[in-house]
Amino acid sequence: MPPRALPRLGGRAPGVPAAVRWSCDTLCQGCDIVTQGQPWFWRRPWRPALWLLVLAMPSMGFAACPGPALRVLPLAPGWWWVPAAPGESDGLNRGQVSNIVLARQGQGRAARLWALGSGPSPAWGRALACQVRVRLGLSITDVISPWARPELVLGVAGLRPSGPVRHWAHASVAQAMDQQCPHCVERLRERLQGAASDLGDDPIDLPERLLQGERGRLGPFDWWRLPRAEGRWITVWRLRPAASGAPRGPLWVAHGLLQGEGPADGRDADLALLLQASQRLATLAAADGPAARFIGEQGPVMGADAPARQAAYWSGLLDEARAAVARGDDEAAPAPAWPGLPAGWQAHPWHGFNWQRAWRQVEPEVLAAPPR
């Protein structure tokens, strides 16, 4: 049986960046020519070394991108996830403490790549733009700021140099960014310590494309506006399966409302409004049934019960705080557990912070109530 000819390297193999395909065409023209039973490519002693160099080019291009090195993990066809570091912003994680979700809309040259969130700094945004382009062969064309958290929305300025990028947000989120970001940037700069230079001199890039109302559609997403505190809003996003042909059902992204490991962070929030928002999200997602999946601020993908589980947590926390204040318990005592609290949540640091927040919010209500 005659030996098989090598495939022509210039073919459009899935997942191979255009730069690598060009290098194969340029350097290895005629690679599929067979002479006397041996591919022409292998008749030259230096050809195998060149082939190894070509194979290494994707990782070389990735290494040429600015840091930090990011993980871009597949969720479904056309959907990707850049996972956050757990906990608080610091110099080691460089502020990367909010999940980012990427979604492709369309095919070929007309395809658009949407980013839900842009990261904690322009430097991080530059790393995201370059590494996504090398890894996926796509450029980010549209970025959405879901709520006014600096760790989630300050990367836009770093995306701009890579090409035209449309910056979207709800008008109430954009207004909050305009009012809060200058103060939040200085607080984030202190947390980043040695990595504070990532922020540069002017890291705030406000959205220029504003959404209005309580719900709508944008690109491959459906969206809703939900409350986090009085006058402060978050937006939750549902990736429609038809947008990518994903077989596993819709994906909901709920920054500022859900958390993949442990309870959500209720600091700077009205916990009664977070309870309402979690209940509302559970109602919205009920039509998707068990196929629904959720991504929160941090942590892995969650199942369909995530909003109801979070709502039950806020309800239990507020009830326990009311009972503790009424009994005259010590406010400084450790945050309690109660029947139905998910395993491990009592030991999570945010549970302690949430308990302090709940105590402060219910105390005036309980003390003002008439005696029974």
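Side-chain atoms are counted along with the backbone in the values below, which use heavy atoms only and exclude waters and symmetry mates.
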* **Results of side-chain hydrogen bond (donor to acceptor under 3.5 Å, both in side chains) for Arg322 - residues two or more places apart only** =>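 Partners of Arg322 under the side-chain hydrogen bond (donor to acceptor under 3.5 Å, both in side chains) test: Asp319, Glu365.
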* Can you sort out the partners of Glu190 under salt bridge (Lys or Arg N to Asp or Glu O under 4.0 Å), two or more places apart, ordered by chain and number? =>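 Here no residue qualifies.
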* Hey, is CZ on Arg112 packed in by over 12 heavy atoms from elsewhere, all under 6.0 Å? ->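 Yes, CZ of Arg112 has more than 12 neighbouring heavy atoms, counting only those of other groups under 6.0 Å.
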* Should the heavy atoms of other residues, nucleotides or ligands under 6.0 Å from CD of Glu208 be counted, would the total exceed 12? ->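 More than 12 heavy atoms, drawn from other residues, nucleotides or ligands, come within 6.0 Å of this atom.
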* Thr141 side chain to Leu113 main-chain N or O, any donor-acceptor pair under 3.5 Å? -> yes
* Side chain Asp198, main chain Ala123, donor-acceptor under 3.5 Å ->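 Judged by distance alone, no pair lies under 3.5 Å.
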* Which class fits the ring pair Trp345 and Tyr313: parallel under 30°, tilted 30 to 60°, perpendicular over 60°? ->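 Ring orientation, 0 to 90° scale: perpendicular.
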* To do: Hey, can you tell me if Phe294 and Trp252 have their rings parallel, tilted or perpendicular (30° and 60° cut-offs)?
  => parallel
* **Partner of Leu239 under side chain to side chain contact (heavy atoms under 4.5 Å, CB included), chosen from Ile295, Leu251, Val253, Asp222** =>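 Among Ile295, Leu251, Val253, Asp222, the one that satisfies the side chain to side chain contact (heavy atoms under 4.5 Å, CB included) with Leu239 is Leu251.
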* Reference residue Ile100; test side chain to side chain contact (heavy atoms under 4.5 Å, CB included); the match among Leu116, Val132, Leu152, Val72 -> Leu152
* Of all pairs that satisfy ring pair (Phe, Tyr, Trp, His ring centres under 6.0 Å), the ones with a partner from residues 169-211, not counting sequence neighbours ->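 Passing the test, one end in residues 169-211: His170-Trp223.
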* Should the pair Arg191-Glu151 be classified as a salt bridge under the 4.0 Å nitrogen-to-oxygen rule? ->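 Yes, Arg191 and Glu151 are salt-bridged.
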* Salt-bridged, Arg149 to Glu297, with N to O below 4.0 Å? ->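 Yes.
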* Any side-chain heavy atom of Trp350 sitting closer than 4.5 Å to one from Arg267? ->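 SC-SC contact between Trp350 and Arg267 confirmed.
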* Asked: Could you go step by step and tell me if His167 and Ser145 meet the side-chain hydrogen bond (donor to acceptor under 3.5 Å, both in side chains) rule?
  -> CA-CA 8 Å; His167 186 186; Ser145 292; 2.7 Å; yes
